[in-house]
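Inspection log for the structure reproduced underneath, given as C-alpha cells.
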Amino acid sequence: MKDYDSEILEIEDFPQKDTRWFSRRNLSQLPWWLFAIVILIIFVGILVYRSYASIDRLLVRMEEDRFTKIEDFMENDDLVLGTLARSRSYEIASMFLDGVEIVAFETITEAIQALLDGEVDSIVISEKASKKFISEHNGKLELIGRSLTLNNTASYWESFEFIYVGLTITVRVSIFSYLIALVFGLFAGLGRISSNKFFNNLSTLYVELIRGIPILVLIFIIALVIVPALVESLNGLGGQLIEKGMTQLGQFLADLSIRNIPSEWRAIIALSVTYGAFLAEIFRAGIQSIGRGQMEASRSLGMSISQAMRYVILPQAVRNVLPALGNDFVAMVKDSSLVSVLAVQDITQLSRKYTGTSFRYKEAFTVLTILYLTMTVSLSLLVRLLERRMRQDD
Amino acid sequence: MTDTKDIIVVKDLYKHFKKVKALDGVSLTVEKGKVIVVIGPSGSGKSTLLRCINYLETPTKGEIWVDGQLLTSDQKQLNEVRAEIGMVFQLFNLFPHLTSLENITLAQRIVRGRTANEAEEIAMEQLKRVGIPEKAAVYPTQLSGGQQQRVAIARSLAMNPKIMLFDEPTSALDAEMIKEVLDVMLDLAKEGMTMIVVSHEMGFTRAAADRMVFMDAGLIVEDGPPEDMFNNPKEARTKAFFNQILK
Ligand SMILES: Nc1ncnc2c1ncn2[C@@H]1O[C@H](COP(=O)(O)OP(=O)(O)OP(=O)(O)O)[C@@H](O)[C@H]1O
Ligand SMILES: [Mg+2]
C-alpha cells in the first residue's frame, strides 16, 4: 500500500517537461476566475466595437443644407424624416421628435427611392447598411451627422448610472431573504430528521411542495395571493380580538392593510420561503453526515437531544455545509432578479425601466450582466477560499 | 431500594431488532464497586446490553434498575441517570470540533451546571489522571488513538459517574497503545469504580475483574469468577469460545 502511494506521488511530483506554453497542464493551472475575467473583457470589447460600427447616421441627398443634425427637424416643419417600420430608430424618433413628420418604410430600397424622389429629406440608417446604396447611387447620396441613438461608451456609462442605484435593493433583498431562509431551513431541516411524526411530515410537505413549483410562480403566488390572504385573515382576527376586549392588538391587526406591506417585503417573504426549502435539504444532509456516535456520546453524558444538537451536532454540521450554504447565497443573489416581476426596483427592474424609455437594450442588459457577474464571481471566489481554508484545517 | 448495594439490576431483559433477538431474556445484578467483564462472540448482544443499561437502546421488555431507580422513557429522568453513568466507546466518539479540554468541560457546564473555571479545573485533574495534561489544547484529530481514548475516559470521569461502561475500549487501538488505556482502567478499578467492561483483554480481566460474564445469542450463558471460568468452564459453548480466542 505504502509503495503504491509513493509511486503515484512520484508521477505527480515530476511531470514530463512540456515546453509548449499552451499545454493542457499550463492551462489547468490557471485559476478559473482568470478565464471568467478574460471572457468578460472580450464580451464587453465586442459589444462596444459593434455598437460603434452600427451608429445610426442620417442619409441625405447630396448638398443638403437645411439641416446638419436630427434635432434640426424639430425646428423646420417642412422636413420629413424616413425610417424603417418597426425599427428602433422609428420608435425613438416618434418618441422624441415632437411634431416631426416621420414616414415608416417596409424596406430600405423603398426608403432610398423615396429619398431620391424627394418624398423624405433624410433616412435614419447605420453607416454599414448605407455603404451599398451610396455607391449604387454614386454622387447622389451622402451621410451626415448622427441620429438620435447614442450608441457609444457614454451611453454604457449612462445606463450604469441609472441601473446601479438598484444595487442597494438587490443586495438588501438577497441578504434579508437569505437570513430568514436560514431560519426556515434550519427548522425544516431539523424537522426532516425529527422522530416527531407531525413535525417531520410538515417539513417534508413544505420541502416537497416548494421544490415542485418554479421559483417565478412561487413569487407570484406568495407575494400576490398568500400574503394578501394572510393579511385579510389577520384583519378578521383583529376584529374578533376587539370584540373580546383586546382593543389595542385587535385594532392594530384590523388596520393592517396589504398596502402597508411594501412589495419589497413581499418579495423577501417569497424568496425566503422558497430558499428555506433548499437550505433545509442542505442542513438535513449536513446533520446526517455526522456519525451516530456523536449523538450517542452526547446523550450518554446526560445531554438532552436539543443540547446535543446545539453544542455537538449542529456546529459540526454547519461547518461541513458552509460551502454549500455559500453557493446557495450566490444562487440567491441571482434569483433576487426574479423579484423585478413585483416591480421591486432592483437592478433588473431598473434595467427594464431604462430600456423601456431609451430602447438601449444592448447597453442596459450588458451593464446588468456585468453587475451580476461581478457579484457572483467574487462571492464564488470567497466560497472557494473558505473551502480551501477548511481543507487545510482538517 | 435506595440503600441496596446492588447498583445495577437487570431483570429479564429482551431487545429485538425486527427479527434479530439481540437480547433474549438477560438478568444481571452488579454490586457497587465491582468490575464485571463481559465476553462473547460477535453479535451475541454484549453492546446491546451495555446500551440498554443507559437506555441508548429502549428495551423491548424487562426492567432496568440503576441506583435504586427503575428506568423509564421519561427524558428528564434519563438525562439525570445518564449523567451518573459514564460510557466509553470502541471508536472514542470525541467531539472533533472541540479541544481535549473543551470535550471534557462541555457536559460539565451544560449538564452539571458547573462554572467554566470549575469545569476546567476538574478537566485538568482528569487529564492528569489519564496522563496527558499537555494535550489539553489539542484537537482530537491530532491525538493518537490511545490518547483519544484516554481523553474520552477523562470526559466521562469528569461527570463524577457512579458507574462506568466500556464497550471494547481497546479493540480499535494498535497494540502499543492498548496498555496505556488498560492502565487507566486498572487504576479506576482499584479506586473502587463500578465497571462493566466488554473486552477480550484477558490480562486486564485477570487483574481487575471480580466476575466474568459469557454471552451467546442474546443470553448470559455463564457467570462467575474469572479464574474458575478460565480454568474449568462449565458450559460447552464457553469452552469452545475460549479455544477459539486463545488460538
Ligand atoms: N440498531 C440495530 N438494528 C438492527 N440490529 C441490530 C442493531 N444493533 C444491534 N443489532 C443486532 O443485534 C445483535 C447483537 O448486536 P451487538 O452489537 O449487541 O453484538 P456484540 O456482542 O456487541 O457484537 P460485537 O462483538 O461484534 O460488537 C447483532 O446480530 C446485531 O446485528
Ligand atoms: Mg459490540
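Numbers restart at 1 for each chain; the letters A, B, ... are given by sequence-line order, proteins then strands.
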Item to complete: Step through the shown structure and confirm whether more than 12 heavy atoms of other residues, nucleotides or ligands are within 6.0 Å of CZ on A/Phe187.
Response: no
Fill in: OH/B/Tyr14: more than 12 non-hydrogen atoms of other groups inside 6.0 Å
yes
Worksheet item: Is chain A contacted by the side chain of B/Leu91, its backbone, both, or neither, given a heavy-atom distance below 4.5 Å?
Response: neither
Discussion item. How about CD on B/Glu121, more than 12 heavy atoms from neighbouring residues, nucleotides or ligands closer than 6.0 Å, or not?
Written reply: no
Worksheet item: How many angstroms lie between CG in B/Asn79 and CE in A/Met303, if you round to the nearest 0.5 Å?
Response: 10.5 Å
Worksheet item: Given a strict heavy-atom distance threshold of 4.5 Å, which part of B/Glu57 is in contact with chain A: side chain, backbone, both, or neither?
Response: side chain
Response to the item:
Bottom line for B/Arg112: the part with an atom under 4.5 Å from chain A's heavy atoms is neither
Fill in: B/Asn54 side-chain N/O to A/Ser300 backbone N/O, donor-acceptor pair under 3.5 Å
no
Worksheet item: What's the shortest heavy-atom distance between B/His97 and A/Val312, and which atoms?
Response: CE1-O, 3.6 Å
Worksheet entry | Contact winner vs chain A - B/Val81, B/Leu78, B/Leu106, heavy-atom pairs under 4.5 Å | B/Leu106
Fill in: Side chains of B/Gln75 and A/Ser304 in contact at under 4.5 Å (non-hydrogen atoms)
no
Worksheet item: What is the distance from atom CE of B/Met87 to atom CG of A/Leu301, rounded to the nearest 0.5 Å?
Response: 11.0 Å
Fill in: Toward chain A, the part of B/Phe95 with a non-hydrogen atom under 4.5 Å
both
Practice prompt. Could you pull out the closest heavy-atom pair between A/Arg299 and B/Arg82, with the gap in Å?
Written response: O-CD, 2.9 Å
Practice prompt. Report the option among B/Leu94, B/Val88, B/Leu98 that has the most heavy-atom pairs separated by less than 4.5 Å from atoms of chain A.
Written response: B/Leu94
Worksheet item: Of the backbone (N, CA, C, O) and the side chain (C-beta and beyond), which part of B/Leu165 lies under 4.5 Å from a heavy atom of chain A, both, or neither?
Response: neither
